[in-house]
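The figures here come from the full heavy-atom set of this structure, side chains too, leaving out hydrogens, waters and symmetry mates.
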Amino acid sequence: MNKEVLDFVVEKTKELMAAPSCSQEAKEAAQSWLDAVGTDRQEEETKKYIAELEEDIVTVDGLIAFAESEAGAKVFGANAGNVAEHAKEIKAAGAKYCDCPACAAVEAILSQKDEM
């Protein structure tokens with residue numbers, strides 16, 4: 001991985017870890033990857049990290065379905081309808097994924113996965 005890609009992924013990884021919507025599993029995978037950078041474990045941890053991110057990123061359709069569900073109502077409360085409406089708007093504008101800070105960071109990282 002070249003330095004430019006590495007610097008970008010490290011920056012986005014830190015953004016991911018700071019995002020309130022980041023799952024504990026993603027935080028742990030991110031930290032493991034950061035700890036492995038520059039070591040003989042980097043390649044193995046990169047594969048694990050990418051797999052975790054691909055599992056965790058929420059599609060815009062998934063966000064709509066969740067926001068409109070009972071579980072989504074429990075998470076988003078009175079704001080669930082607004083979340084669903086927002087997701088429909090970003091889908092109409094061409095978005096593939098949720099645009100919360102965690103998913104946005106994951107999408108940016110995954111855009112570099114072939115270079116990682």
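Here side-chain hydrogen bond (donor to acceptor under 3.5 Å, both in side chains) pairs that include residues 74-85, with residues two or more places apart or in two chains, are Asn79-Asn82.
Annotation: side chain of Met17 is in contact with side chain of Gln31 (closest heavy-atom distance under 4.5 Å). Counting heavy atoms from C-beta outward, Val9 and Lys12 have side chains that stay 4.5 Å or more apart.
The cluster map of Ile, Leu, Val, Met, Phe, Trp and Tyr, joined by side-chain heavy atoms under 4.5 Å apart, puts Val58 and Leu53 in different clusters. The cluster map of Ile, Leu, Val, Met, Phe, Trp and Tyr, joined by side-chain heavy atoms under 4.5 Å apart, puts Val37 and Tyr49 in the same cluster.
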Throw together a table of side-chain donor-acceptor distances under 3.5 angstrom for residues 100-113, partners on residues two or more places apart or in other chains.
from	atom 1	to	atom 2	distance (Å)
Ser111	OG	Ala108	O	2.5
Lys113	NZ	Glu54	OE2	2.4

List, one per line, each side-chain donor-acceptor pair under 3.5 Å for residues 38-45, sequence neighbours excluded.
from	atom 1	to	atom 2	distance (Å)
Thr39	OG1	Ala36	O	2.6
Thr39	OG1	Arg41	N	3.1
Gln42	OE1	Gly38	N	2.7
Glu44	OE2	Lys48	NZ	3.2

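Remark: Ile57 CD1 to Ser23 OG distance equals 11.5 Å, nearest 0.5 Å. With rounding to the nearest 0.5 angstrom, the NE2 atom of His86 is 14.0 Å from the NZ atom of Lys91. To the nearest 0.5 angstrom, Lys3 atom NZ is 7.0 Å from Leu6 atom CG. Taken from CD in Glu68 to CG in Leu63, the straight-line distance is 9.5 Å, to the nearest 0.5 Å. In this structure, Ile64 CD1 and Glu89 CD are separated by 10.5 Å, a value rounded to the nearest 0.5 Å.
Evaluation of the side chain to side chain contact (heavy atoms under 4.5 Å, CB included) rule for Thr59 yields Asp61, Tyr97 as partners, not counting sequence neighbours. Residues passing the side chain to side chain contact (heavy atoms under 4.5 Å, CB included) test with Ala71, sequence neighbours excluded: Phe66, Ser69. Remark: Lys27 engages no residue in a salt bridge (Lys or Arg N to Asp or Glu O under 4.0 Å) (not counting sequence neighbours).
No hydrogens or angles considered: a donor-acceptor pair under 3.5 Å links the side chains of Thr46 and Trp33.
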